[in-house]
Amino acid sequence: PKFSINCSSWCRSAMVGWDAWFHIVVTTLSMLARHALANENSSLQHGPNIVFMMVDNLGFGDLGSYGGGILRGVPTPRLDAFALQGMRLTNFNVEPECTPSRSALMTGRMPIRSGTDSVALVGMPDGLAPCEYTIAELFSDAGYRTALFGKWHLGSSQDRLPTAQGFDEWFGIPRTSNEAVCKEQPGFPPGLPLQPVLKGVKGANSTEVWPYDYDARRRIDRNITDLAVSYIQARSKDKQPFFLYVPFTLPHSPPLPHPDVVDPNLSQYQNALGEIDLNSGRIIDAVDSSGLTNNTIVVWTSDNGPETLSGITTDFGAQSDSGPFRGEFPSAWEGAIRTPCIIRWPGHVAPGRVSNEIVSILDFYRTFANIIGASHLLPTDRPIDSVDQSDFLFGKQAKSSRETLMWFLSGDMMAIKHSRFKVHFCIQETSRGSAILPGQPVYGSPKLKLDQPWIFDLENDPKELWNIAAMNPWLGHVLSPVLLGYEKSTVASPNMKPGSSTCPWMSTQSFVNQPKLQV
C-alpha cells in the first residue's frame with residue numbers, strides 16, 4: 001500500500017537504531033514486491049468498470065422507489081427504473097456526517113481510526129493522512145484508470161486532494177456547499193477568498209477553475225454530470241477498466257438547482273430532487289449507450305440522511321425526508337445513517353431484488369477488491385473494518401456478511417447496531433435552548449451522553465421511540481465482545497487525531513508527508 005518515504009532522511013538520520021533500519025528495509029522490500037505484483041497483474045486485469053454515484057444528504061424517503069417521489073411532489077422516474085434493474089438495499093448504513101462517510105468509503109476503516117469522524121472547522125487541519133491507502137489507490141494499483149468529479153471533503157491541502165490519494169484526475173470542491181453562500185451573509189469580509197472549484201491531474205497541484213459562489217453552486221452538478229458522461233464515453237474506447245467516483249453536491253444545503261430545471265411552483269429542494277434524478281439518469285444512459293452495461297457495476301447512494309438548514313438564500317421549510325425513520329444528520333438516529341442504495345451489475349446482481357440485510361458503506365472497500373481480484377493489495381498493517389459482501393450481493397447467500405456496526409462522531413461513541421437492535425450511548429437532538437435555529441435542525445445542536453444506554457428494536461420500532469433496555473440486558477453478552485474487540489484494536493493501532501500526518505503503522509513521523517496550506 002501507499003507509503004511516503006524521504007530516502008535522504010534515512011542517510012541523514014543518526015538516531016535510527018539497527019532494529020529500525022531492519023524494519024524499514026523489510027517493510028520497503030515488501031511494499032515494492034506488492035507493487036510489482038500489482039503492475040504485473042494490471043496487464044491481465046479485465047475486471048468490471050465501477051461507476052459510483054453518491055448524492056449529498058438525501059433522505060431515505062425522497063426517491064419514489066423508497067416511498068417518496070410523487071409523494072414529495074417530484075417523480076423520480078430515472079432512479080426508480082434503475083432500482084428495478086438492480087438490487088435495492090433498505091438497511092444500507094452510512095456515517096453521521098459527510099467527511100466520515102467519504103472516509104469510510106475510501107479506506108474501509110471506521111472514520112474514528114483515521115481522525116475523520118467529524119467535519120473539520122474550515123481552516124483547521126483536515127482530511128485523510130497521506131499514508132492511508134484509499135480505494136482509488138487500490139484500483140490504480142490493480143491497473144484501473146481513476147477519476148473523481150464532485151465533492152471531495154477529505155482534505156483541503158494539495159497533498160490531501162484526490163489526485164494525491166489515488167485519482168488520475170478530478171474536478172470539484174475540496175470541502176462543502178454551505179460555503180457557497182458565505183458572501184451573501186451579513187458581515188462577510190469582502191477580501192476573504194471563497195472556496196475554489198478545482199481541477200487537477202495526478203503528479204501536479206490542483207488549480208482553481210472559478211470561485212464556488214452562489215451562481216457556481218447552482219451549476220456545479222451539471223458540470224459534474226457533463227464531465228462524467230464525457231469520461232464514460234471516452235473510456236468506452238479503451239481496453240483499460242475504470243473507477244469513476246461521482247459525489248454530487250446536491251441536495252446539500254443550500255439546495256440550489258440549475259436555473260434550467262427550476263419550476264417556480266416547487267421548493268428549492270423539490271427542484272433539486274428533480275435535477276438529481278435527471279443527472280443520475282444521464283450518467284446511467286452514458287454507461288448503457290456506450291455498450292458498457294454488462295461490464296459495469298453502477299452504484300447509487302447518499303452519504304447521509306436529511307439536513308434542515310435555512311437562512312439567507314435558502315428556503316424556510318421542509319427539505320429532505322427520512323421516510324419511516326427518526327432524526328437527521330449529524331446523528332446516529334436511523335434517519336441520519338440509513339440511506340438509499342441501489343446496485344446494478346447485469347448477470348451478477350439480480351434485478352428487482354430488495355433486501356433489508358445490514359450493509360455498510362465501509363463494505364465496498366473489501367467487496368470491490370475481491371470483485372476485481374485485488375484482495376492481495378489490501379493493507380494488513382492496520383485495522384480494516386470493511387466486510388466482503390460479494391457473495392451476498394451476487395445471491396450466493398441470503399444473509400449479509402455483516403451483523404454489527406458502530407458509529408462515532410467527534411470522538412464519541414454514538415451507537416451500535418446488531419441485527420434488528422440498536423443501542424444508543426450518545427444522542428444528538430434538535431435545539432431547544434436559548435439559541436434556536438430556523439427549523440430546529442440537529443446540525444449545531446448539543447450532544448447528550450446517556451447515563452444508561454437506550455435500546456430499540458428497529459423492526460418493531462423503526463422510529464426509535466420505545467426504549468426496551470430494561471427488558472433486554474442480554475444484548476450486553478452479545479455486544480461486549482464487539483466493543484472489547486474494538487478497544488483491543490486501538491491498543492495495537494491507536495486512532496489518529498484529526499488532521500494528523502502520522503499513521504500508527506509508520507516507523508517515524510519523518511517518513512510521512514506533512515500537511516501544507518489549504519486551498
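Taking the six-membered ring for Trp and the full ring otherwise, Phe242 and Phe139 have centroids separated by 6.0 Å or more. Taking the six-membered ring for Trp, Trp300 and Phe52 have ring centres at least 6.0 Å apart. The distance between the ring centers of Phe167 and Phe149 does not fall below 6.0 angstrom. Between Phe60 and Tyr66, the ring centre distance stays below 6.0 Å.
By the 4.5 Å heavy-atom criterion applied to side chains, His153 and Pro174 are not counted as neighbours. Counting heavy atoms from C-beta outward, Val55 and Leu250 have side chains that stay 4.5 Å or more apart. Side-chain contact between Leu409 and Gln428: present, with at least one pair of heavy atoms (C-beta onward) separated by less than 4.5 Å. Using a 4.5 Å cut-off on side-chain heavy atoms (C-beta onward), Met87 and Ile342 make no contact.
Here the OG atom belonging to Ser140 is positioned 12.5 Å from the CD1 atom belonging to Ile135, to the nearest 0.5 angstrom. Atom CG of Asp385 sits about 12.0 Å away from atom OG1 of Thr404, to the nearest 0.5 Å. A distance of 10.0 Å separates CE in Met406 from CD1 in Ile112, rounded to the nearest 0.5 Å. The CD1 atom of Ile220 sits 5.5 Å away from the OG1 atom of Thr249 when rounded to the nearest 0.5 Å. Rounding to the nearest 0.5 Å places CG of Asp80 at 7.0 Å from CG of Asp277. In this structure, the separation between CG on Asn356 and CZ on Arg420 is 11.0 Å, given to the nearest 0.5 Å.
For the pair Glu97 and Ser118, the tightest heavy-atom approach, listed with the atom from each and the gap, is OE1-CA, 3.3 Å. Met413 and Cys426 make their closest contact through O-CB, 3.6 Å (heavy atoms, listed as atom of the first residue, atom of the second, distance). Closest approach of Pro494 and Val491 over heavy atoms only: CD-O, 4.1 Å. Residues Ala129 and Gln165 share a closest heavy-atom pair of O-NE2, 3.7 Å. Nearest heavy-atom pair, Asp126 versus Ala120, reported as atom, atom and distance to 0.1 Å: CB-CB, 3.6 Å. Across every non-hydrogen atom of Ser302 and Asp56, the tightest pair is OG-C, 4.4 Å.
For the pair Arg338 and Phe329, the cation does not sit on the ring face, since its NZ or CZ is not both under 6.0 Å from the ring centre and inside 45° of the axis. A cation-pi contact links Lys422 to Trp407, judged by a cut-off of 6.0 Å to the six-membered ring centre and 45° from its axis.
No donor-acceptor pair under 3.5 Å is formed between the side chain of Ser103 and the backbone N or O of Pro111. In this structure a side-chain-to-backbone donor-acceptor pair under 3.5 Å is missing from Glu95 to Ser101. Remark: side-chain polar atoms of Thr134 are paired, donor with acceptor, to backbone N or O of Glu137 under 3.5 angstrom. At distances below 3.5 Å, not a single donor-acceptor pair connects side-chain atoms of Ser500 with backbone N or O atoms of Met496. Remark: side-chain polar atoms of Thr301 are paired, donor with acceptor, to backbone N or O of Pro340 under 3.5 angstrom.
A donor-acceptor contact closer than 3.5 angstrom is absent between the side chains of Thr107 and Arg113. A donor-acceptor contact under 3.5 angstrom links the side chains of Asp62 and Ser320, judged on distance only. A side-chain N or O of Asn93 and one of Asn91 form a donor-acceptor pair less than 3.5 Å apart. Between the side chains of Ser206 and Trp170, at least one donor N or O sits under 3.5 Å from an acceptor N or O. For Ser401 and Gln397, the side-chain atoms include at least one donor-acceptor pair closer than 3.5 Å. Defined by atom type and a distance below 3.5 Å, a donor-acceptor pair is present between the side-chain atoms of Thr116 and Ser114. Judged by distance alone, the side chains of Thr293 and Asp288 do bring a donor and an acceptor atom under 3.5 Å apart.
Within 6.0 Å of the NZ atom in Lys202, the count of heavy atoms belonging to other residues, nucleotides or ligands exceeds 12.
Between Phe456 and Trp454, the ring-plane angle classifies as perpendicular under the 30° and 60° cut-offs.
Residue Phe171 is tested with Asn223, Leu148, Leu198 for a side chain to side chain contact (heavy atoms under 4.5 Å, CB included); the sole match is Asn223.
Using a cutoff of 4.0 Å between basic side-chain nitrogens and carboxylate oxygens, Arg282 and Asp226 are scored as salt-bridged. Ionic pairing of Glu334 and Lys417 is present here: one or more N-O contacts between side-chain nitrogen and carboxylate oxygen are shorter than 4.0 angstrom. Comment: Glu132 engages Arg109 in a salt bridge, judged by a side-chain N to carboxylate O separation of less than 4.0 angstrom.
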Next on the checklist: What verdict does the side-chain contact (heavy atoms from CB on, under 4.5 Å) test give for Arg235 and Gln240, after you've listed the backbone C-alpha separation in whole Å, the side-chain angles of each residue and the deciding distance to 0.1 Å?
Outcome noted: CA-CA 8 Å; Arg235 297 289 73 76; Gln240 192 175 7; over 6 Å; no
Checklist entry - Could you walk me through whether Val299 and Met53 pass the side-chain contact (heavy atoms from CB on, under 4.5 Å) check? => result CA-CA 6 Å; Val299 179; Met53 290 182 276; over 6 Å; no
Next on the checklist: For Val349 and Phe394: C-alpha separation, side-chain torsions, deciding distance, then whether side-chain contact (heavy atoms from CB on, under 4.5 Å) applies.
Outcome noted: CA-CA 5 Å; Val349 177; Phe394 300 159; 4.0 Å; yes
Next on the checklist: Show, in sequence, the C-alpha distance, side-chain angles and deciding distance for Trp152 and Tyr245, and conclude whether the ring pair (Phe, Tyr, Trp, His ring centres under 6.0 Å) test is met.
Outcome noted: CA-CA 10 Å; Trp152 175 233; Tyr245 176 35; 7.4 Å; no
Next on the checklist: Determine whether Ser65 and Arg88 satisfy the following criterion, side chain to side chain donor-acceptor pair (under 3.5 Å), listing intermediate values before the conclusion.
Outcome noted: CA-CA 9 Å; Ser65 53; Arg88 182 162 56 89; 5.0 Å; no
Checklist entry - Between Val229 and Tyr231, does a side-chain contact (heavy atoms from CB on, under 4.5 Å) hold up when you go through it step by step? => result CA-CA 5 Å; Val229 168; Tyr231 184 87; over 6 Å; no
Next on the checklist: Between Arg145 and Asp168, does the salt bridge (charged side-chain N to carboxylate O under 4.0 Å, His left out) criterion hold? Intermediate values first, please.
Outcome noted: CA-CA 7 Å; Arg145 288 176 178 261; Asp168 298 329; 5.8 Å; no
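Qualifying salt bridge (charged side-chain N to carboxylate O under 4.0 Å, His left out) partners for Arg78, counting only residues two or more places apart in sequence or in other chains: Asp285.
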Acceptor/donor pairs from residues 361-372 side chains to any protein atom, 3.5 angstrom cut, sequence neighbours excluded:
| from | atom 1 | to | atom 2 | distance (Å) |
| --- | --- | --- | --- | --- |
| Asp363 | OD1 | Val387 | N | 3.0 |
| Asp363 | OD1 | Arg402 | NE | 3.2 |
| Asp363 | OD1 | Arg402 | NH2 | 2.6 |
| Asp363 | OD2 | Ser360 | N | 3.0 |
| Asp363 | OD2 | Gln389 | NE2 | 3.1 |
| Asp363 | OD2 | Arg402 | NE | 3.1 |
| Tyr365 | OH | Tyr133 | O | 2.8 |
| Arg366 | NE | Ser386 | O | 3.0 |
| Thr367 | OG1 | Asp363 | O | 2.6 |
| Thr367 | OG1 | Val387 | O | 3.4 |
| Thr367 | OG1 | Gln389 | N | 2.8 |
| Asn370 | ND2 | Asp388 | OD2 | 3.0 |
| Asn370 | ND2 | Ser390 | OG | 2.8 |

